[in-house]
There are 2 protein chains.
Amino acid sequence: MNDTSFNPRDCGTCPIRHRAVCSRCEPDELEHLDDIKYYRTYEAGQPVIWAGDPMEFVASVVTGIATLSQTMEDGRTQMVGLLLPSDFIGRPGREQAPFDVVAVTDLTLCCFRKKPFENLMGSTPSIGGRLLQMTLDELDSAREWMLVLGRKTAREKIASLLMIIARRDAALHKRLPKDGMEFDLPLTREAMADYLGLTLETVSRQISALKKAGVIQLQGKRQVHIPDLQRLVSETGDDIDGGHIF
Amino acid sequence: MNDTSFNPRDCGTCPIRHRAVCSRCEPDELEHLDDIKYYRTYEAGQPVIWAGDPMEFVASVVTGIATLSQTMEDGRTQMVGLLLPSDFIGRPGREQAPFDVVAVTDLTLCCFRKKPFENLMGSTPSIGGRLLQMTLDELDSAREWMLVLGRKTAREKIASLLMIIARRDAALHKRLPKDGMEFDLPLTREAMADYLGLTLETVSRQISALKKAGVIQLQGKRQVHIPDLQRLVSETGDDIDGGHIF
DNA sequence: ATCCTGCTTTGATCCTGATCAAAGTATGCA
DNA sequence: TGCATACTTTGATCAGGATCAAAGCAGGAT
C-alpha cells in the first residue's frame with residue numbers, strides 16, 4: 001500500500017471504499033475492517049430481512065439485485081426500492097428494518113456489523129458525509145418515483161421504468177444511454193407491476209403495445225433493444241429538458 | 001451561556017439547535033450563526049423556489065406549511081413532500097433545487113446561507129449526523145407514501161392522509177393521537193388530490209363518504225373531528241400491528 | 001420424450017376513479 | 001348590499017386499468 005504510483009480514486013458510490021465494490025478505490029480503510037465486514041450470498045427469491053426484524057448489519061450490494069418492498073395485510077404489495085450493485089442497505093442508528101428486502105437474482109452483499117460500523121462513522125466523518133449524499137440521492141429518486149406512481153398512465157409508467165433501468169445499466173458500464181443500446185430486464189412482469197403500482201397483466205399488455213409500436217424490440221422475454229432513445233423518452237411523459245433525464 | 005443550571009436539550013428535529021424552532025434547545029451554536037442565518041417570510045401561494053433554480057440556502061420551517069412538488073409539461077402535478085414546522089429544506093452539497101417548493105399557508109423559514117452552513121457541517125460532525133437521521137426519516141415516509149400512491153384505493157388514500165396529518169398535528173403538540181381529537185386540515189381539496197394522486201372531485205366525494213359513514217365529522221370545510229381513531233385506522237388499509245401507526 | 005412448474009400473453013368483462021358540467025358556499029371588496 | 005373570486009360539492013358519463021379466465025411457452029426434472 002505504499003506504492004505511491006497507485007492513484008487513490010473514490011468511486012463515489014460506496015460509503016466505505018473497498019475493493020469488492022470498486023477495485024480502483026483506495027484500500028486504506030479496508031485494513032481496519034476485516035474484523036467487522038463479511039460477505040454473504042443469497043439465492044434468487046430468498047429474503048434478506050423482513051420489515052420489523054432487528055437488523056444487526058448494514059451492507060452494500062456487490063452483485064445481483066434486491067428489492068425493498070411493503071406488503072399490506074391482504075397481499076397487495078408495493079416495491080419501494082430497487083437495489084442494484086453499489087447500492088446501500090441499512091440504517092446506521094436504527095434498530096429495525098423498515099421494509100422487506102428480498103433477493104431477486106442471486107445476490108452478494110458486503111456486510112458491516114452495525115455497531116462497529118457506527119463507531120467507524122463516528123471516527124471517520126467522511127463516511128457520514130458520503131452516506132448523507134447517497135441518502136439524498138435515494139430520496140430524490142423516491143420522489144421521482146412518486147410522480148410515476150401518482151400521475152402517469154400505464155404506458156408512461158412502463159416507458160419510465162425502461163428508461164430508469166436503461167440509465168442505470170449504462171451507468172454501470174460507465175457510458176451514456178444511446179440509440180441501439182441493449183440491456184437485460186432483471187425483473188419479472190410481476191416485479192415490474194409491483195414497482196409501478198400496476199397488475200402484471202397490464203404490464204404485459206403495455207410492453208406488447210410498445211413493441212408493436214416499434215418503441216422497443218425484444219429478444220426473448222428479457223433482453224430489450226432500444227432503436228431510438230428519444231422515442232422512448234417521449235413515451236415517458238417526462239420533460240426532455242428536465243435535467244434529470246441524462 | 002455559562003448558566004450551568006440551564007439544561008441543554010436537543011429537540012431532535014432541527015439540524016442546528018436554535019431558539020426559533022425549539023426554545024428549549026441549547027443556544028450555544030447560535031452565536032456563530034448570526035452572520036449566516038436569516039429569517040424569511042412568504043405569503044400563502046407564493047413560490048419559495050422552482051425546480052432547477054440555483055439554491056443558495058438551506059432552511060428549516062418555523063411556522064406555516066410548504067409543499068414540494070413536481071409538475072409535468074401538460075400540467076399534471078404530484079406533491080412529493082409536505083413540509084411542516086421543524087422540517088428541513090435544502091441539500092448541502094447540491095447546487096440546484098430538485099423540486100418546486102411553494103408556500104401553502106403564510107410561511108416563515110429560518111434560512112442558512114449554504115456555503116457557511118456546509119463549512120459548519122464540516123467542523124461540527126453532529127450536524128451531519130442529525131441531517132442524516134432526518135433524511136432517513138424522510139426517505140422512510142416517502143416510501144410509505146409510495147405504498148399509498150401505488151396500491152391504495154381512493155378511500156384508503158384519504159383515510160391515510162387524515163391519519164398522517166392527525167399524527168403530525170398531535171406530535172406538534174407533544175401528545176398522542178386519541179379518540180375525539182380535532183385538527184385543522186391545512187390543505188385545499190386540490191392540494192390533497194396532488195398529494196394522493198387523485199382528482200379534487202374524488203377527494204371531495206371520499207371525504208363526504210367518510211363523513212356520511214361517521215368515520216369523521218367536519219366543522220366547516222377544514223376542521224376535522226375524529227370520534228373513533230381505530231375506525232379511521234381501519235379505513236387506511238394499514239396493518240394495525242405494523243409499528244409505524246403510532 | 002413427457003410432464004411439471006413458473007412465467008407470460010391474450011381475451012372478455014367489470015368497476016373505480018377521471019372527466020365534463022353545473023350549482024352551492026364563503027369570503028373579501030367595491 | 002351586491003358582486004367577484006376561490007373553493008367545494010354533486011351529478012352524469014366515460015375510460016383506463018383491474019379482475020377473472022384460459023391458453024401459450026420455456027426450462028428442468030424424471
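Within every chain, numbering begins at 1; the chains are lettered A, B, ... in the order of the sequence lines, protein sequences first and strands thereafter. Computed from a predicted model, the values in this text were never measured in an experiment.
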Strictly distance-based, threshold 3.5 Å: is any side-chain N or O of B:Asp100 a donor or acceptor partner for the main-chain N or O of B:Ala51?
yes
Looking at every heavy atom in both B:Asp87 and B:Arg168, which two are closest together, and how far apart are they?
OD2-NH2, 2.8 Å
Which is true for A:Gly197 with a 4.0 Å heavy-atom rule: it touches a base, it touches only sugar-phosphate, or it touches nothing?
sugar-phosphate
Classify the nucleic acid contact of B:Leu198 as base, sugar-phosphate or nothing, counting any heavy atom under 4.0 Å across all strands shown.
sugar-phosphate
Under-4.0 Å salt bridge between A:Arg76 and B:Glu156:
yes
Using 4.0 Å as the upper bound for N to carboxylate O, is an ion pair formed by A:Asp74 and B:Arg151?
no
Given atom [atom1] of [X] and atom [atom2] of [N], what is their separation to the nearest angstrom?
X	N	atom1	atom2	value
A:Leu218	D:dC25	CG	C1'	15 Å
B:Arg76	C:dT19	CZ	P	9 Å
B:Gln206	D:dT10	CD	P	12 Å
B:Lys157	C:dT16	NZ	C1'	11 Å
A:Lys152	D:dG17	NZ	P	13 Å
B:Leu200	C:dG17	CG	P	15 Å
A:Leu210	C:dT9	CG	C1'	15 Å
B:Gln223	C:dA26	CD	P	16 Å

Short N/O separations, protein against nucleotides 5-7 of chain D, under 3.5 angstrom:
none

In Å, rounded to the nearest 0.5 Å, how long is the span from CG of A:Leu232 to CE of A:Met181?
9.5 Å
Rounded distance (nearest 0.5 Å) linking atom CG of A:Leu162 with atom CD of A:Gln206:
11.5 Å
Using the closest heavy atom to pick a nucleotide of DNA chain C for each, name whichever of A:Ile207 or A:Arg151 lands nearer the 5' end.
A:Ile207
Residue whose closest nucleotide on DNA chain D lies nearer the 5' end, B:Met192 versus A:Arg155:
B:Met192
So do B:Gln223 and B:Phe183 actually touch side chain to side chain, heavy atoms under 4.5 Å?
no
Taking N or O atoms only and anything under 3.5 Å, show me the protein contacts with nucleotides 19-22 of chain D, one pair per line.
| from | atom 1 | to | atom 2 | distance (Å) |
| --- | --- | --- | --- | --- |
| D:dT19 | O4 | A:Arg205 | NH2 | 3.0 |
| D:dC20 | N4 | A:Glu201 | OE2 | 3.2 |

Look at the aromatic rings of B:Trp145 and B:Tyr195 and report parallel, tilted or perpendicular, splitting at 30° and 60°.
parallel
Checking B:Ile165, B:Val104, B:Leu84, B:Asp169 against B:Pro186 for side-chain contact (heavy atoms from CB on, under 4.5 Å), the one that qualifies is B:Ile165
